[in-house]
Each structure stands twice: as structure tokens, then as C-alpha cells.
Amino acid sequence: MTYFTRRTLVKGGTAAAAAGALAGPALLDWTKAWAQAAPWKPEKGAQLSILRWKYFVQSEDDAFVALMDSFTKATGVKVTIARESYEDVQPKASVAANTGAGPDLFWGLYSLPHLFPQKCLDVTDVADYLGKKYGGWVPTAVTYGKGTGSKWIAIPVCYAGNLLNYRLEASKKAGFSKFPTTTDELLAYAKAMKAQGTPGGMALGHASGDGNAWVYWCLWAFGGNVVDKSDKVIISSPETEKALNYAKALYENYIPGTASWNDSFNNKAFLGGEVHWTNNGISIYVAAQNDATKKQIAEDMDHALWPVGPVGHPTEFHLMFPLIAMTYTKYPQASKALMAYMLEADQFNKWLTASKGYLTHCLNAYDTNPVWTADKKTTPFRDVAKRTLTAGGLGSVGEKAASAIADFVVLDMFAAVCTGREDAKGAIKIADRQLRRIYR
Amino acid sequence: MADIALKSSGKSVPREVGAWERLKTNHNWLSAWFMLPAAAFLVLFLAYPLGLGVWLSFTDAKIGRSGVFIGSENYEWLWDDSIFWLSVFNTLLYTIVASAIKFAVGLYLALLLNENLPFKAILRAVVLIPFIVPTVLSAIAFWWIYDSQFSIVSWTLRHLGLISSNIDFLGDVWNARWAVIFANIWRGVPFVAITLLAGLQTVSPSLYEAATIDGASNWQRFRYITYPLLTPIIAVVMTFSVLFTFTDFQLIWVLTRGGPVNATQLMATLSYQRAIIAGQLGEGAAISTAMIPFLLAAILISWFGLQRRKWQQGESND
């Protein structure tokens, strides 16, 4: 525990003023008080390094840096931040887990903690502390945090919601004053939008975020599943076939070229006015707001939750960002203190606001954060943590689920059917074989 | 010195010379000592990673976790894997078509540049530009050129009234294949052209003069003077060109990531996707290892192509 001297206070004060968001004695008092009251006392001389996924919304990262700075001021623990593209965090964390050296904390994707559960610090106390204080965790967050075990091995910090983005005027013109809420309506919507020359589209190229989000939604919406509860491969089913045939019908009403789309294609096509509905995080909207020439798009667009399919419940698939501390860290107490500090209301609310809806909380109390109501267009993103399913669907969230997603098995199955390379049965057969290999 | 000589000669038994002493001073071993640093370098940075890669292909290693030996299971699996065979087909198509066109265009360019053109030096430098630009940058340029919505090619053709809708460059299976092959050719031609140009400049003008006096046509001069004298450099250039094309990764990864539906998935990209992205290190290593026979074949063909001409070793031609 480091106490403040006059010098550190002065230094901290200038840094906070520079950061713009943290100035003010009240806040400093709060952070100081927090550090003294918190159950985790950082080790003497503790320093932490954290590797996080590279941001999509600049203001989110700015707020993250400010948050780390204020933690340093509160506890004296210096935090070094490194950033990697979100697909590259996992290989680095795996190597670190294997060699027992590297950053103290990793903030990555989906199944990260479950690739090496025994190398993750037990953070049950932190999770319980936060859960009790902030209205409890949403159920999917518990799955990502604990897996099938009894201990929390990760703090499920937030989701990045992936929802439907659509243009208001074009939709109205096509006869839809409200975005479709069922899969049948969505197909009718896609047809009507295409017919009037304002088509939409969703990525079928190797787009890790957008591509996987919509094909898993579609598979689950029709009752298809990759594996059952015991991780047995059950992709080969009439439900999967129905999902594939539905996707093909939808694809026929897309703008041409979606088979080549990676994650960024739909962003630029939507902002370019070529595509009138697609699935994406809130980044299109944020980009449109920040660009003076695109203001009119920001005004003429909105977000909608995914339509519900024949299964009758939401089957969305959003990106989970769990935070883990490694067992090899020399500063487990400091790591835990940081994890708890990040999710305390005074910090997390500011961060959530700065992310402009890109990040969605997993702790129920944050439903009341003003970011979700100040701009109605961000409101749908508030509920993504409650509506999402987990990687692996019915099965475990571990390494196998991560492998199947990363190898684009389901995405390729959908793309093969949509582009007419395979019929539904042929595509299922190929996917089934690959999945059996991964889940062997 | 004299004392030492006296002392040693005074001893009844001659001093034992150890094996190490001999090795240190033996002239036959000297060359081995000189080669040691280079050999160590090659073993450490080439042989060891290659051997490790082959070894990994016989294990079920995952990223961050060493695997156990599983025999040829990875290979048996790949043998029945339609995506793997598709990637082999794509790689061969990509390599053969791109290398053949690169050779034809490169040779043509080299012959043109060898003529006495105005601004010869500038032209030669300009030709090199595609080769100088970092691959990823040129790939991103092509990414925009091939964009399904914003392609400059589609835009131009549409405004000329030649097409009614955008060309789906990277979304259609064959369009995507030709598109990546074109990008590879664009990038690879300068290497072939400039190297062949260097070869052309070594051909003595007196041969052409003699041929002209004998009444040889342009074609005959190319066929019977230029081509035979250029063969050794063609063999070297084409070996490199084939190897570069076969192992291409960046261009595909930036443009298509192997899509649509694996239509442009090369062995190199599939290996990366399975090994690094999906974490199946063993399987990815097996795909990489499966590239070795193809690469060896390419090297051997050109090697024997080179060996055929004995005059290269100072003997007369057969």
C-alpha cells in the first residue's frame, strides 16, 4: 500500500487535469478512500502490465487509460498497457501461460480463460464482491467466468454488442416502420429492401466478428446446434438444414459481394450509403457521428435487436471480453485490486459512457447508466449481455468452442450454401467432419 | 627459445600430442573450422525450425502447449479433408498460372527494356516500382480496387455504360482466383523482368552482328542466340519465382483471408489459419510440411535444368 505524499498528489493532480476527466479533489478522495477500504492491498512495490485488445472506439481507450492512471494514483501501482488486435491476444496469452512469463493480466476474447484454467488466478472473491455490490452478474457472464468449475477464473468485464444497423427512411419506404422481430419478417424485409434498390447484407467472408455473429444467430434461431451439453457434435440435423436454407434465401436478397466481406466491409459500405441494413457493433454509428459529412447517416439510422427465430427465444451471439490474471504474477493482490477497481461504479460508469455503447456491462446495476438512455439509438445495446448465448452454444465455452469459431467452420458452412458451392446436406457433412475432429 | 628446445630434446619420451592439438592445427580440419560459424547459423535458424516444424506435424500440439506424438494422424486426417485438397489445387493453380504469365510478361518486358529506348534508365526504374512497394500496401490498394461496392474498375465500367452492376471481384469463386493471381503477377513481373534484363546484357552483341550478317530473322536471333544463352538465368529466376508464389501469404491474407468459401485458400494461409488462429499447431505444421515435397520438386527441376548444360562447368556443350 502506498500512501500519498504531497509530491505524488501534486503530480497526480496535473496528470488528472491533463486527462481532463479526473480532476477534482472529490474524486481523488474517493479513489484514495477506495484503496484504503478495498479488501485487496497491493503488494509493496507492485507493478502491473496488462495486454488488452486494440480498441475500436478511441474514446473508450482514452477512458481506459484514464482509469488505469487513477488506479495508479489511488494505490501507487504503476500499470503498463499493451494493445494487440483482438485475434492476437489469445496466442500471446497461451504462450505466456505455457512459459510462465509475460503480462500479469490479459484482457481478451470469449474462451480465453478456459484455454488454460489452471494458469488463471482464482478471482472468486473479486467476482463475489462485485456481484453482491452491483446487482449480480448476468447468467452468461457466470458461464464465461467460471465455465463448468466452481471457481471464477476470469472477470467478465463486458460484451461488445453486435446488432442490426438499419437506415430509417429506406425501411419506412419499404413498409417497415419498425425493424422486424421475427426471422420470417426479416426475410420479407430483406426482399422489400432489395426490391426498392436499398439492399442490405451481412458478411460471409472470414469476418471473425460480424460473420460469426450472424451465422451463429441464424443456426441457433432455427434450433441448430454445434454440440450438445456434453460437447457431442450434433450439427447434422434438420434444424441446421432449415437454418442454412433460410440463410440462402436471405443471401439472395443481399447486395452482391458479401461472400468477400471481412469485418470492415459493411462499415464502409453502410457509411458509403451503399448498404442500408447490416449487422455490426455501434462503431458505424459512432463513426457517422464523428464525421461531419456523415451526420445525415447518423440521424437516419438506428439499431435493432436480432429477430427471434422458430425456437422462440433470442439467439444472439455477442463478443465477450473476459479479463484474467495469471497465476505466475508476482502481484496477485494488486491484480485483484485492479480488477475490482475497474468495475466499481465511479470508474466503470465513466468508461461505459466513453465507449458510447460499444461495450455492454455484465453487472445488472449498470443498466441504469445514462449512456443507455441519453441517446435512444444506443438503448438496444444495453440488453445484449442478457440476450446473448455463449461460445459453444449448449456446450462448454472452452478451447474446442474457440477453435471451431476461429477456424470458421460454421461460417464456411453457411457461405458454401449461400454461394451455391454446396447444398445444405453437403455443407453439413463437411462441417460435421471438421467439428468431430475439433471436439474429439 | 633455445632453452625450451634444449629441455624438450633432453627428454627421453617425446611429448604426447593430444587429439585436440592435432585437430587445432591440422590443415585438413582448418576448412571445417572456418565453416563452423556458417553451419551453426544454418542449423540454428534453418535446420532446427524446419525439423521442429516436421516434428510438430506428428504431434497434437496446441498453441502454448506442447503435444504428444500421434504418428501420422494429422496427415491421415488431411488426406480426407476436402478443404486441404482444395487448398492444394488453389496453390498449384495460383503458382502455375501466375509463374507462367510472370515469365512471359517479364521476358517480354526485359527484351523491350534491352532495346535502345529514350529515358531507358528511368523506364527501368519505373518497372521496379511494384516490387519495391511493401506487399501489404499493394495488397491494400488491390483490396480497394477489387472492393465489391467501391471498386474503381466497376465504377469506370459502369460510367462507360459497359456493365450495369458492380463486378463481384472477390465474392465469386473464379473471379476471386483470377483477381488474386492478377495481383500476384503485377507484383512479381518486375523481379523476373529486371533479372532477365541483367542476363540479356551479358549476351555479346557480336553474336547478333554475326547472325544478322548470316541473314537470321528476329525470331531466329531470339531462338538460337538469346534463348540458349539466357537459359541458366531463366532457371534461377523461375525457381525463385515459383518458390515465392507457392509460399505467398500476405497478398491472400489481406485480400480474401482464403475466402470466398476457401476458394483462394492457399496451403500457406490454411496452415496459418489452422495453426495460429485456431490454435491447432500440429495440424497447421502438417499442412506446412506437406508443402515441402512440392517445393523440393520445383527446386530439383530447375537444378537438373541447370546441370544439363555442361558448358556452365567449363566443358563443351553436348
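Because only heavy atoms are used, hydrogens play no part in the values below, and waters and symmetry mates are left out as well, while side chains stay in. Chain naming here is simple, since letters A, B, ... match the order of the sequence lines and numbering starts at 1 in each.
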To the nearest 0.5 Å, tell me how far H206(A) NE2 sits from N262(B) CG.
5.0 Å
Strictly less than 4.5 Å between heavy atoms, which residues of residues 172-182 of chain B line up against chain A? Please order them by number.
V173(B), R177(B)
Under 4.5 Å from a heavy atom of chain B, the part of N262(A) involved:
side chain
Over 12 non-hydrogen atoms of neighbours within 6.0 angstrom of CZ in F41(B)
no
Is any side-chain heavy atom of D407(A) closer than 4.5 Å to one of Q280(B)?
no
Would you say F249(B) has more than 12 foreign heavy atoms packed within less than 6.0 Å of its CZ?
yes
Examine whether an atom of Q434(A) lies under 4.5 Å from a heavy atom of chain B, and if so say whether it belongs to the side chain, the backbone or both; otherwise answer neither.
both
For residues 162-169 of chain B, give me every residue with a non-hydrogen atom less than 4.5 Å from any non-hydrogen atom of chain A.
D168(B)
Less than 4.5 Å to any heavy atom of chain B: does that hold for the side chain of R421(A), its backbone, both, or neither?
side chain
Against chain B, label F414(A) side chain, backbone, both or neither, depending on which of its atoms sit under 4.5 Å from a heavy atom there.
neither
Please state whether the side chain, the backbone, both or neither of W253(B) comes within less than 4.5 Å of a heavy atom of chain A.
neither
Bottom line for T419(A): the part with an atom under 4.5 Å from chain B's heavy atoms is side chain
Does the side chain of K268(A) reach to within under 4.5 Å of the side chain of D147(B), using non-hydrogen atoms?
yes
Pairwise side-chain contact, W143(B) with F265(A), heavy-atom cut-off 4.5 Å (strictly under)
yes
Which bit of R436(A) is near chain B, if near means a heavy-atom gap under 4.5 Å: side chain, backbone, both or neither?
neither
Heavy-atom pairs under 4.5 Å with chain B, option from A96(A), G205(A), A269(A) with the top count:
A269(A)
Can you tell which part of A416(A) gets under 4.5 Å to a heavy atom of chain B, answering side chain, backbone, both or neither?
both
Run the ring pair (Phe, Tyr, Trp, His ring centres under 6.0 Å) test against Y246(A) and tell me which residues pass, sequence neighbours left out.
F222(A)
Tabulate, in ascending numerical order, the residues of residues 268-279 of chain B having at least one heavy atom closer than 4.5 Å to a heavy atom of chain A, or enter 'none'.
Q273(B), R274(B), I276(B), I277(B), A278(B)
Is atom NZ of K429(A) surrounded by more than 12 heavy atoms (other residues, nucleotides or ligands) closer than 6.0 Å?
no
Quick check: closest heavy atoms across S260(A) and G171(B), and the distance to 0.1 Å?
CB-N, 3.5 Å
When you look at OH of Y328(A), are more than 12 heavy atoms from neighbouring residues, nucleotides or ligands closer to it than 6.0 Å?
yes
Examine whether an atom of Q265(B) lies under 4.5 Å from a heavy atom of chain A, and if so say whether it belongs to the side chain, the backbone or both; otherwise answer neither.
side chain
Among E399(A), E422(A), K92(A), which has the most heavy-atom pairs under 4.5 Å with chain B?
E399(A)
Whatever's closer than 4.5 Å to a heavy atom in chain A on N74(B) counts as both
Under 4.5 Å heavy-atom distance to chain B, tell me which part of I430(A) shows up: side chain, backbone, both or neither.
side chain
Does any part of the side chain of W261(A), heavy atoms only, come nearer than 4.5 Å to the side chain of Q149(B), both counted from C-beta?
yes
Scored by heavy-atom pairs under 4.5 Å with chain B, the best of I255(A), L115(A), L204(A) is I255(A)
Taking atom CZ of R433(A) and atom CD1 of I83(B), what is their separation to the nearest 0.5 Å?
9.0 Å
Residue selection (most heavy-atom pairs with chain A, distance under 4.5 Å) from T256(B), D81(B), L255(B)
D81(B)
So which of G258(B), S82(B), S148(B) has the largest heavy-atom pair count under 4.5 angstrom toward chain A?
S148(B)
